[in-house]
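For reference, the structure is listed below as structure tokens.
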Amino acid sequence: MRLATWNVNSITARLPRVLAWLEAARPDVLCLQELKCDDEAFPREAIEELGYDVASHGAGRWNGVAVLSRVGLDDVTRGFVDEPAYDDAVQPRALGATCGGVRVWSVYVPNGREPGHAHYDYKLRWLDALHSTVLAEDDPARPFAVLGDFNIAPTDDDVWDIALFADSTHVTAPERAALAVLRDAGLSDVYPRALKYDRPYTYWDYRQLAFPKNRGMRIDLVYANKAVTDAVTDSYVDREARKGKGASDHAPVVVDLTL
DNA sequence: ATGTCTCTGTTCCAGAGA
């Protein structure tokens, strides 16, 4: 089985690339983030024509997550129990589904903007709700994985120059502690191969030629339980998908399993 | 140089978010 996750930065703008990537990589399950469209506007027919079932959870111009699967798509859950709100609204940032016996969650963790900002506090509260969901749902007997844009670089090696990240989000101790709590709950960071250079970055800013200079970050993560990690045969970041005009600023992360 | 990209609404550009 091949699992994948990709922050597409608008499914509408990215549809031709997503369709081409689905045909080339043929993942069994693809978790998407930053749909930036309502569920009614989600281009599901074009994706279904490639043999995928679609579950989306989107609203308005920001956020939005989906799971595409060609191995079944059952028990779809939109959002977490007691998911925190921002500005009085619960945003579409999490969708759970059971696909071919694997319980997956597609997540788009809040950015946080800057430490001390209300959005940063929201980010940490949102990660608490993710932790609660992991505790409630993770059964060692069932393959379980959280895939998505965590907006956290787990270590200093997961950004191109840690010296430039002083006082920035994505690298602070509380954010990393939230990942440690997930590991304490039994999940592991499935560390992918880089197809070029030494570090498997998954995101490169559109600005300042960040991609050609490889000024990237590894913030799109796969956190999986032992039933999944024991079955991993390969994992890589498909940086080819970040190339050229019309690319998302994130690349897909692929995980291959013997399941 | 916050130097790009995408969306929406106040629309044929500006502001917001990332």
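Model, not experiment: these values are computed from the prediction. Just so it is clear, the values below take in all heavy atoms, side chains as well, and ignore hydrogens, waters and symmetry mates. So that the names make sense, note that chain A is the first sequence line, chain B the second, and so on, each numbered from 1.
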Requested in this report: Please work out which of the three classes, parallel, tilted or perpendicular, describes the rings of A:F80 and A:W126, given edges at 30° and 60°.
Outcome: tilted
Report summary line: Whichever of A:D149 and A:Q208 has the more 5' nearest nucleotide on DNA chain B, that residue is A:Q208
Requested in this report: Starting from C1' on B:dT2, measure out to CG on A:L209 and report it in whole angstrom.
Outcome: 14 Å
Query raised in the report: Is it true that A:Y86 and A:H119 have ring centroids separated by less than 6.0 Å?
Result: yes
Query raised in the report: Whole Å only: how far is the CG atom of A:D249 from the P atom of B:dG17?
Result: 17 Å
Report task. Round to a whole Å and report the spacing from CG of A:N151 to P of B:dA18. Result -> 8 Å
Report task. Without swapping roles, check the side chain of A:D28 against the backbone of A:V71 for a donor-acceptor pair under 3.5 Å. Result -> no
Query raised in the report: Which whole number of Å gives the distance between the P atom of B:dT10 and that of B:dG15?
Result: 14 Å
Query - Heavy-atom side-chain proximity of A:V232 to A:V255 below 4.5 angstrom - result: yes
Report task. Pick base, sugar-phosphate or nothing for A:Y108, based on heavy-atom distances below 4.0 Å to the nucleic acid. Result -> sugar-phosphate
Query raised in the report: Sub-3.5 Å donor-acceptor pair from the side chain of A:R242 to the main-chain atoms of A:W204, do we have one?
Result: yes
Requested in this report: Please state the P separation for the pair B:dG3 and B:dA14 - nearest whole angstrom.
Outcome: 14 Å
Query raised in the report: Nearest nucleotide by nearest heavy atom, which residue falls closer to the 5' end of DNA chain B, A:Y206 or A:R113?
Result: A:Y206
Query raised in the report: When you measure from the side chain of A:R14, which nucleotide among B:dG17, B:dG15, B:dC5 comes out closest?
Result: B:dC5
Report task. Considering only atom P, compute the distance from B:dA1 to B:dC13 and round it to an integer number of Å. Result -> 28 Å
Report task. Side chain of A:T12 only, please: which of B:dG17, B:dC7, B:dT2 is the nearest? Result -> B:dC7
Query raised in the report: Among side-chain atoms of A:T98 and A:R103, is any donor-acceptor pair under 3.5 angstrom?
Result: yes
Report summary line: Taken to the nearest whole Å, CG/A:D205 to P/B:dA1 is 17 Å
Report task. Measure from CZ on A:R215 to C1' on B:dG3 and round the result to the nearest Å. Result -> 12 Å
Report task. For B:dC5, take OP1 and OP2 only and decide whether either is under 4.0 Å from a side-chain N or O of A:R207. Result -> no
Requested in this report: In whole angstrom, give the distance that lies between atom CZ of A:R61 and atom P of B:dT10.
Outcome: 11 Å
Report summary line: Out of B:dT6, B:dG15, B:dA18, minimum distance to the side chain of A:K36 belongs to B:dT6
Requested in this report: Using the C1' atom as the reference point in each nucleotide, state the distance between B:dG17 and B:dC12 in Å, no decimals.
Outcome: 22 Å
Report task. Rounded to whole angstrom, note down the P distance from B:dT6 over to B:dT11. Result -> 23 Å
Query raised in the report: Separation of A:Q33 atom CD from B:dT6 atom C1', in whole Å?
Result: 17 Å
Query raised in the report: What's the OH-P distance between A:Y203 and B:dC5, to the nearest Å?
Result: 12 Å
Query raised in the report: What nucleotide, of B:dT8, B:dG17, B:dA18, holds the atom closest to the side chain of A:W62?
Result: B:dG17
